[in-house]
Amino acid sequence: MVKLTFYGGVREIGGNKVFLEDDRGKLFLDFGYPYSKYRVFYEEYLKPRPGSGLLDLLVMGLLPQLEGIYRTDLETENLWQQFRRADHYRKLEDIDGILLTHAHLDHSGHVSFLREDIPVYATATTAFIAKAMQDSGRPAFDQQVCYFTARVEECLEGWKQGAYVTSSSADLQRRFCVADRLELNEEAEKFWGKATRKKKLDSQLLEDINKCSFNLRCFPVDHSIPGACSWGIETSSGWVVYSGDLRIHGRHGKRTESMIKEAAQLHPRALILEGTNVDKTSNVAEQEVYENGFKAINDARGLVIADFSPRDVNRLLTFLQVARDTKRKLTILPKDAYLLKTMRLLESEIPDIALEDAIAIYQKTTASKSPDSWLRNIYQDYSSKIVLASDVSSNQGDFILCFSFWDLNELPSIQPRAGSLYVFSSSEPHNEEQEMDFWRLHHWLERFQLRAFGLPVYRNGTWEVPEEERGLHASGHACGPDLLRIAREIQPEVLIPVHSEKPEFYLGNLRNSGINIILPTEYGMVEI
Ligand SMILES: [Zn+2]
């Protein structure tokens, strides 16, 4: 008998935390950051207090009340006493690990709070992206997927109360067990073991996945971030397949097709399947993004700003091709350059920035006095590639600037010519806060008289891309008909939808398929 408990990802997109246990062992399937649950209580300036350790997260229901799995340095004295009588409290010991499907924080973010000796199973690419994102990101308390600084309780002299503050000890790296490419070249090994902030890194070697007490299969799939995979777990009830996030229509759709075939051959007892885009009836392919992007940018005269998620390396490569074909330079931010450089350590088809004529790197106008070493290295390694606001300003027709909303405050230094183009290649707003940002984005464009292309506008109560400007964003998720095909072809005995606001889609559409659909409930246990 296998027991599955759903601590996240139920009727929400993201925050997946599925606990799998049987007499062979215990695993979590992803341990994601539940953005929508945070938004209920918190916003940018009201956040869980890092100085309170785990208290805020446990009391506010953002982390499951599971004693024994979290970092001990975040456990304040007698922390667990108050939770021991709570409905969903459990003491867990001897967890085999976390099966991570990809490096998007809604799947990986809460790994930050887990004990460092709990192994994280992933592809090498996911492990490397997680480190690159953390190295180059803001040093936030809840975004320490790859390594963390232990906190210690400290009380200032004369103060009545102490707090949990960052200690001065070296950063501790988590144990990553990779399903592929354990052999790393020297440079890749150096990247993994190197600290990039001011602290030392107590780094750990990558291990393989064979130590797990379950027999595991890792299936590469296509998603909007490299390194994504689905997992197969051989349990005492048969194989359980966990999809993670996936699509068939992307550049590497063949990987997902292979996963479907191989998963079907396992005749799984259960398939835990995502359902982000169950409402969509068709997809935009990455090739269409290229074609539409090329058309829009080829006709443009002044500056072009392209707004897309650079962690979607496929999208970055699509715009790199547009840049080559329109004789412009794709101008990326240092953190994007760092990600590309990291990806190239594992995948030789990723272009070498130093040799790629069509790439430049934008140095922001207010540079830091003492930058972290990753940033210093980017500026040193690619010094001939660095462009400043003044360079962009004086040759506006030469660039495609990869900016998102968060970088628009550079525009006063660049002063785009009226009629410059803002190409939007991302998804529409999903919540009120994002809607506010979209209003602000529109105001920025008006202020600088930029022409938008592919940008959702507010009409009749919803945000929609104008009809004639569609096809600039290929979603990372399969559409409804593709999801149904995945379910039918894998043909599990039981299908459990997660990562979806409308899981009943599967109930309605797979009625006579021979597949038993079980809709999970939050904290509910499904026995199979
Ligand atoms: Zn994802």
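Heavy atoms only: backbone and side chains are in, while hydrogens, waters and symmetry mates are out.
- Residue pairs meeting the salt bridge (Lys or Arg N to Asp or Glu O under 4.0 Å) criterion with at least one member in residues 15-26, sequence neighbours excluded: Glu21-Arg90.
- The two residues Pro48 and Tyr42 make their nearest non-hydrogen contact at N-CE2, 3.5 Å.
- A distance-only check finds a donor-acceptor pair linking the side chain of Asp56 to the backbone of Arg49 [under 3.5 Å].
- With a 4.5 Å cut-off on side-chain heavy atoms, Lys194 and Leu201 do not count as touching.
- Between Trp239 and Asn215, the closest side-chain pair of non-hydrogen atoms falls below 4.5 Å.
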Verdict with supporting geometry, Leu20 and Phe214, side-chain contact (heavy atoms from CB on, under 4.5 Å) | CA-CA 11 Å; Leu20 179 153; Phe214 291 97; 3.7 Å; yes
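- Remark: side-chain polar atoms of Glu347 are not paired, donor with acceptor, to backbone N or O of Met343 under 3.5 angstrom.
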Using the salt bridge (Lys or Arg N to Asp or Glu O under 4.0 Å) rule, take Arg269 and Glu493 through it: C-alpha gap first, then chi angles, then the decisive distance, then the call.
-> CA-CA 5 Å; Arg269 176 81 180 98; Glu493 289 172 43; 2.8 Å; yes
Carefully, step by step, assess Arg84 and Glu67 under the rule salt bridge (Lys or Arg N to Asp or Glu O under 4.0 Å).
-> CA-CA 9 Å; Arg84 288 196 179 117; Glu67 187 175 352; 2.9 Å; yes
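- Here the CD1 atom belonging to Ile225 is positioned 7.0 Å from the OG atom belonging to Ser309, to the nearest 0.5 angstrom.
- In this structure, a donor-acceptor pair under 3.5 Å is present between the side chains of His107 and Asp245.
- For Leu205, the CG atom sits in a loose shell: 12 or fewer heavy atoms of surrounding residues, nucleotides or ligands are nearer than 6.0 Å.
- In terms of heavy atoms, Leu62 sits closest to Pro34 at O-CG, 3.8 Å.
- Checked against ring-ring contact (aromatic ring centres under 6.0 Å, His included), Tyr35 has the following partners two or more places apart in sequence or in another chain: Tyr33.
- Around the CD atom of Glu187, the shell of radius 6.0 Å holds no more than 12 heavy atoms that belong to other residues, nucleotides or ligands.
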Chi angles and distances behind the salt bridge (Lys or Arg N to Asp or Glu O under 4.0 Å) call for Glu522, Lys37 | CA-CA 12 Å; Glu522 184 145 58; Lys37 285 194 190 122; 2.7 Å; yes
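- Here Asn277 contributes atom CG and Ser500 contributes atom OG; the two are 9.0 Å apart, rounded to the nearest 0.5 Å.
- The backbone N or O of Tyr70 lies less than 3.5 Å from no partner atom in the side chain of Arg115, so there is not a single donor-acceptor pair.
- Classification of Arg470 and Glu288 as a salt-bridged pair fails, no side-chain N sitting under 4.0 Å from a carboxylate O.
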What's the verdict on salt bridge (Lys or Arg N to Asp or Glu O under 4.0 Å) for Glu286 and Arg315, showing C-alpha distance, side-chain angles and the deciding distance?
-> CA-CA 8 Å; Glu286 198 63 35; Arg315 184 64 41 81; 2.8 Å; yes
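- Atom CZ in Phe308 sits 7.5 Å away from atom CG in Asp336 (nearest 0.5 Å).
- Nearest heavy-atom pair across Ser112 and Val145 is OG-N, 3.7 Å.
- Evaluation of the side chain to side chain donor-acceptor pair (under 3.5 Å) rule for Thr276 yields Glu274, His477, His499 as partners, not counting sequence neighbours.
- Nearest heavy atom pair, residue Thr123 against residue Cys218, reads CG2-SG, 3.9 Å.
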For side-chain contact (heavy atoms from CB on, under 4.5 Å), just list the numbers for Thr281 and Cys479, CA-CA rounded to whole Å, side-chain angles, deciding distance to a tenth of an Å, and then say yes or no.
-> CA-CA 6 Å; Thr281 52; Cys479 65; over 6 Å; no
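- Side-chain contact between Leu339 and Arg311 is present, with at least one heavy-atom pair separated by less than 4.5 Å.
- Distance check, rounded to the nearest 0.5 Å: CG of Leu99 to CG of Leu216 gives 5.5 Å.
- The number of heavy atoms from other shown groups lying within 6.0 Å of CD (Glu186) does not exceed 12.
- In this structure, the side chain of Ser237 engages the main chain of Val2 through a donor-acceptor pair within 3.5 Å.
- Remark: side-chain polar atoms of Gln491 are paired, donor with acceptor, to backbone N or O of Ser513 under 3.5 angstrom.
- Under a 3.5 Å cut-off, the side chain of Asp180 and the backbone N or O of Ala124 do form a donor-acceptor pair.
- Sorted by first and then second residue, the pairs that involve residues 120-147 and meet ring pair (Phe, Tyr, Trp, His ring centres under 6.0 Å), not counting sequence neighbours, are Phe113-Phe141, Phe128-Phe191, Phe128-Trp192.
- Summarising the geometry of Pro64 relative to Leu58, their closest heavy-atom pair is O-CD2, 3.5 Å, with the distance given to 0.1 Å.
- Looking at heavy atoms from C-beta onward, Leu4 lies in side-chain contact with Ile272 at the 4.5 angstrom threshold.
- The shortest distance between side-chain heavy atoms of His252 and Asn314 falls below 4.5 Å.
- For Phe41, there are no ring-ring contact (aromatic ring centres under 6.0 Å, His included) partners, not counting sequence neighbours.
- Taken to the nearest 0.5 Å, the CG atom of Leu271 stands 8.0 Å off from the CD1 atom of Ile515.
- When all heavy atoms of Ser243 and Ser230 are compared, the pair lying nearest together is O-OG, 2.8 Å.
- The backbone N or O of Ile260 lies less than 3.5 Å from no partner atom in the side chain of Glu489, so there is not a single donor-acceptor pair.
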Can you list the steps and then say if Lys131 with Thr196 is a side-chain contact (heavy atoms from CB on, under 4.5 Å)?
-> CA-CA 10 Å; Lys131 180 163 188 293; Thr196 62; 4.3 Å; yes
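- By the neighbour-count criterion of 12 heavy atoms within 6.0 Å, atom CD of Glu432 is sparsely surrounded, having that number or fewer from other residues, nucleotides or ligands.
- Of the N and O atoms on the side chains of Arg251 and Thr318, at least one donor lies less than 3.5 Å from an acceptor on the other residue.
- Counting only heavy atoms from C-beta outward, the side chains of Ile129 and Thr342 never approach each other to under 4.5 Å.
- Between Thr126 and Val120, every side-chain heavy-atom pair lies at or beyond the 4.5 Å cut-off.
- Without hydrogens or angle criteria, Trp463 side chain to Pro429 main chain gives no donor-acceptor distance under 3.5 Å.
- The shortest distance between side-chain heavy atoms of Ile490 and Leu273 does not fall below 4.5 Å.
- Residue pairs satisfying the ring pair (Phe, Tyr, Trp, His ring centres under 6.0 Å) criterion with at least one member in residues 500-527, sequence neighbours excluded, are listed as follows: His88-Tyr523.
- Taking SG from Cys212 and CG from Leu27, the interatomic distance works out to 5.0 Å, rounded to the nearest 0.5 Å.
- In summary, of the residues considered (Phe28, Phe31, Tyr7), a side chain to side chain contact (heavy atoms under 4.5 Å, CB included) with His110 occurs for Phe31 alone.
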Begin with the C-alpha distance, continue with both residues' side-chain angles, and end with the deciding distance and a verdict on side-chain contact (heavy atoms from CB on, under 4.5 Å) for Phe438 and Tyr458.
-> CA-CA 9 Å; Phe438 267 70; Tyr458 192 71; over 6 Å; no
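- Of the possible donor and acceptor atoms, none in the side chain of Thr101 sits under 3.5 Å from a partner among the backbone N and O of Ala228.
- Looking only at distances, a side-chain donor or acceptor of Thr256 sits under 3.5 Å from a matching main-chain atom of Arg247.
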